[in-house]
Amino acid sequence: MDVNAAVAAAAAIAGVLTGVIAALAFRWSEREQKRPTRTSLHTDPVLPPGVDTVLSVLRSSAVVLDEADAVVKASSAAYALGLVRGGKLAVEPMLQMARDTRRDGEIRQVELDLPRRGNGRGEALAVSARVAPLGSRLVLLLVEDLTEARRIEAVRRDFVANVSHELKTPVGALSLLSEAVMDASDDPEAVERFAGRMQIEATRLTNLVQELIDLSRVQNDDPLDDAEPVRVDELVAEAIDRCRHAAGTKQITMAAGGTADLHVRGNRGQLAAALGNLVENAVNYSPARTRVGIAARRVAAPGGDLIEIAVTDQGIGISEKDRERVFERFYRVDPARSRATGGTGLGLAIVKHVVASHGGEVTVWSAEGQGSTFTLRLPEAGLARDRAQQRSDRSGLSDETERSSSTPASPHSPPTSPYETFPAPEVLP
């Protein structure tokens with residue numbers, strides 16, 4: 001009996017323990033099911049209605065963060081800028097802004113300079129970041145790329161500063177000369193001399209204003225809206241006529257050659273101005289009793305035939321460091337000579353814009369003491385608009401970093417022009 005009672009007691013105790021263990025296991029299982037897991041913390045919260053649609057049409061880069069700083073949604077532009085990497089916001093200042101906004105609900109905005117993706121070299125990305133709460137759990141980050149706007153603003157500031165400086169020179173000279181005329185009113189010879197100087201400065205001022213107008217026009221107008229076929233022979237003849245007097249004064253021989261009956265399509269006035277500027281520069285920077293040549297030909301190219309017009313001189317030449325900047329506004333290789341010839345420093349900038357807007361390019365070969373060859377490459381008539389549109393889509397014609405797009409050649413390499421260089425300067429009878 002005692003043995004049976006002990007067995008029954010042991011069985012009862014075991015049953016109670018089993019029930020307690022089962023109850024504890026059930027409670028623990030329920031608690032684990034209700035406890036948020038690491039995976040559940042990172043499941044994508046539901047965006048408020050309509051937010052997804054709005055973010056998809058924004059021009060700004062958009063990133064939505066949850067309470068754990070995980071990226072709920074990011075636009076393709078955000079990935080392209082390198083803002084999001086591995087599902088996380090990769091820019092620490094923006095991440096800190098998001099945390100602060102999540103904490104106090106305040107909207108924050110800041111401008112930052114970010115390194116470019118890859119090797120980090122080159123110009124930094126300028127961005128404007130704005131963070132705002134989105135509901136009770138999410139934070140919205142909007143990032144605007146300001147790099148291009150900053151570049152254009154820098155170009156504008158430089159342009160205004162250069163224009164102001166260039167205008168002050170002739171205006172100041174006219175003011176001083178007018179005072180000199182008043183003081184020398186009783187000296188006819190002095191008045192005549194000062195009046196002549198005033199005419200020179202007035203002409204320089206007029207030329208500067210006109211070239212500023214021309215530069216503004218070629219930047220803002222589409223020359224192919226009213227394009228027409230233009231004979232290259234006529235452009236060359238017009239450029240020679242424009243500089244005939246200046247060349248005759250210096251006894252410079254002007255020669256034209258190459259293939260006849262070539263045509264390009266575009267704005268006749270702008271093309272004539274561009275080629276005229278090149279020929280005028282060649283005459284101004286050439287010694288007396290030398291030659292300036294203009295030659296044209298057709299060359300085959302993958303996208304269609306090109307018309308090349310080369311202007312070659314036997315002038316002072318351009319150094320390698322200057323060749324990289326000759327197409328910048330107001331840049332002068334020889335400031336003293338530019339003042340003597342009345343140059344404004346805008347002629348080659350106008351050439352660059354005209355040729356680019358016609359779907360072509362301008363290149364330069366030069367060696368100090370040997371002369372220079374400027375070559376215009378334009379699509380043959382019929383291909384001009386297609387090439388201009390392709391170039392515009394590829395690089396944008398607001399261009400105005402003002403660095404030459406051409407690759408300067410070594411001063412020891414042969415001219416890139418297809419035409420033979422002219423012989424050494426001759427002494428003309």
Side-chain angles (χ1 to χ4, degrees), residues 223-224 227-244 247 252-283 286 290-315 317-318 323 326-327 348 351-352 354-367 370-388 390-391 404-409 413-423:
L224 303 181
E228 59 178 338
V230 181
R231 285 180 58 93
V232 175
D233 294 344
E234 295 177 358
L235 294 177
V236 173
E238 188 172 336
I240 291 176
D241 287 340
R242 170 177 168 177
C243 304
R244 192 178 301 278
I252 292 176
T253 302
M254 303 185 70
T259 306
D261 198 28
L262 299 177
H263 292 77
V264 294
R265 186 172 179 84
N267 184 294
R268 178 187 177 85
Q270 291 188 14
L271 291 172
L275 184 58
N277 284 345
L278 290 182
V279 177
E280 186 175 14
N281 274 2
V283 171
S286 292
T290 56
R291 292 177 183 250
V292 170
I294 309 101
R297 75 165 189 171
R298 180 189 292 110
V299 295
D305 290 349
L306 295 176
I307 303 301
E308 288 191 346
I309 309 172
V311 179
T312 302
D313 63 60
Q314 296 172 311
I318 306 172
R323 285 201 303 271
V326 290
F327 295 101
L348 291 180
V351 173
K352 175 186 174 183
V354 168
V355 176
S357 63
H358 282 75
E361 64 175 347
V362 56
T363 58
V364 56
W365 172 90
S366 186
Q370 299 182 31
S372 305
T373 297
F374 285 84
T375 303
L376 304 181
R377 292 185 178 91
L378 296 166
E380 192 171 16
L383 299 173
R385 174 172 291 278
D386 294 340
R387 285 184 176 273
Q390 291 172 5
R391 182 177 294 274
S404 169
S405 61
S406 61
T407 302
S413 62
T416 58
S417 169
Y419 312 106
E420 295 181 359
T421 56
F422 291 99

For the pair D233 (side chain) and D261 (backbone), establish whether a donor and an acceptor sit closer than 3.5 Å, ignoring hydrogens and angles.
yes
Do R377 and V355 pass the side-chain contact (heavy atoms from CB on, under 4.5 Å) test, and can you show the C-alpha distance, the side-chain angles, and the key distance before you say yes or no?
CA-CA 8 Å; R377 292 185 178 91; V355 176; over 6 Å; no
Scanning both residues in full, the closest heavy-atom pair of R265 with H358 reads O-CD2, 3.7 Å
Nearest heavy-atom neighbours spanning V232 and A296
CG1-CB, 3.7 Å
Kindly compute the distance separating CZ (F374) from CG (L275), expressed to the nearest 0.5 Å.
12.5 Å
Whether R268 and E228 form a salt bridge (side-chain N of Lys/Arg under 4.0 Å from carboxylate O of Asp/Glu) is what I want to check.
no
Is there side-chain contact between F327 and V364, with heavy atoms separated by less than 4.5 Å?
yes
Atom of G317, atom of S372 and distance for their closest heavy-atom approach:
CA-OG, 3.8 Å
In the structure I gave you, are the side-chain heavy atoms of N267 and V230 within less than 4.5 Å of one another anywhere?
no
For the CG atom of N281 and the CD1 atom of I318, what is their distance to the nearest 0.5 Å?
8.5 Å
Close side-chain approach of L376 and V351, heavy atoms under 4.5 Å:
yes
Heavy-atom closest contact (A256 atom, I240 atom, distance):
CB-CD1, 3.9 Å
At their closest point, which heavy atom of V283 faces which heavy atom of M254, and how far apart are they?
CG2-CE, 4.3 Å
Show the nearest heavy-atom pair for residues D305 and A300, with the distance to one decimal.
OD1-CA, 3.6 Å
Working to the nearest 0.5 angstrom, can you tell me the gap between S357 OG and K352 NZ?
12.0 Å
Once you round to the nearest 0.5 Å, how far does OG1 of T312 lie from CD of Q370?
12.5 Å
Short side-chain to backbone donor-acceptor contact, Q314 and R291, under 3.5 Å
yes
Quick one, R242 and N277 - any side-chain contact, counting heavy atoms below 4.5 Å?
yes
4.5 Å side-chain heavy-atom contact, L271 and L378:
yes
Calculate, to the nearest 0.5 Å, the distance between atoms CG and CG belonging to L306 and L262 respectively.
11.5 Å
Quick check for you: to the nearest 0.5 Å, what is the distance between T373 atom OG1 and D313 atom CG?
7.0 Å
